[in-house]
Amino acid sequence: MTSAIFAVCSGLLATATFSLDPRLVAEFPLKHAAVTAVAGTFPGSSSPTLLASTFAAIGSEPVYFVKDLADVVKSGGKSAVVSQLETNTVWTNYVALAPQKVFGTNTVVVTAGGFLVPGQGTGTIDLWEVSDPGHPRRTKISNDKQ
């Protein structure tokens with residue numbers, strides 16, 4: 001089983017010196033976790049949300065989200081609720097919340113994937129409107145290779 005693991009790095013900044021002290025703060029199961037991003041805001045979440053893509057040689061490769069990271073960290077991962085965002089993108093190698101200044105809202109997730117899949121055509125870049133995360137709406141913004 002693959003786990004998503006949160007590590008917190010505490011940095012000390014003193015006259016051009018920066019040191020990192022990573023430590024495990026939370027862990028929870030997320031099979032085939034791959035690319036992750038933290039969204040500072042997300043619908044229905046009182047604190048940042050984890051966005052995570054997955055990779056699998058065979059089968060589905062969904063993108064997931066985990067709301068309320070502050071509570072997840074406090075509980076050591078026990079309170080993590082892993083929810084599926086989408087299953088359309090193959091080999092998702094980018095996932096992030098679009099900046100509010102781009103669309104005027106904090107409810108658009110960007111995914112990109114499929115660009116390196118052997119034997120496949122063009123990859124895809126998609127926008128997912130997630131004001132209702134249980135029913136995201138997809139807008140494909142890339143063009144398939146002709």
Would you name the heavy atoms of T124 and R138 that are closest together and state the gap between them? OG1-NH2, 3.6 Å
Considering only heavy atoms from C-beta outward, does the side chain of V130 approach that of F65 to under 4.5 Å? no
When every non-hydrogen atom of G77 is compared with those of A26, the smallest separation belongs to N-CB, 3.6 Å
Least distance between heavy atoms, P62 atom then T54 atom: O-OG1, 2.7 Å
Kindly indicate, with the supporting measurements, whether the criterion side chain to side chain donor-acceptor pair (under 3.5 Å) is fulfilled by T89 and E86. CA-CA 8 Å; T89 310; E86 64 96 0; 2.9 Å; yes
Is V35 close to T92 at the side-chain level, that is, under 4.5 Å between some pair of heavy atoms? no
Starting at CD1 of I125, measure out to OG1 of T111 and round the result to the nearest 0.5 Å. 9.0 Å
I'd like to know if the side chain of S47 reaches the main chain of L69, judged simply by a donor and an acceptor atom lying under 3.5 Å from each other, with no hydrogens or angles considered. yes
Show your reasoning for whether side-chain contact (heavy atoms from CB on, under 4.5 Å) applies to L127 and F103. CA-CA 11 Å; L127 304 176; F103 295 104; 3.5 Å; yes
Out of the candidates V66, L50, L51, only one should pair with F42 under the side chain to side chain contact (heavy atoms under 4.5 Å, CB included) rule; please name it. L51
The reported gap from OG1 in T107 to CD in Q100 (rounded to nearest 0.5 angstrom) is 9.0 Å
Rounded to the nearest 0.5 Å, what separates atom NZ in K140 from atom CG in N143? 8.0 Å
Can you name the closest pair of heavy atoms from K67 and G44 and give their distance? CD-O, 3.8 Å
Shortest non-hydrogen contact between A37 and A96, atoms and distance: CB-CA, 4.3 Å
Would you check if the side chain of D68 reaches a backbone N or O of S46 as a donor-acceptor pair within less than 3.5 Å? yes
Is it the case that more than 12 heavy atoms not belonging to K74 sit under 6.0 Å from its NZ atom? no
For a quick test of reading the model, state the closest non-hydrogen atom pair linking P43 to P133 and the distance between them. O-CG, 3.9 Å
Using modelled atom types only, decide if a donor and an acceptor are shared between the side chain of S79 and the backbone of D71 within a distance under 3.5 Å. yes
Any side-chain to backbone donor/acceptor pair from E61 onto W91? Under 3.5 Å, distance only. yes
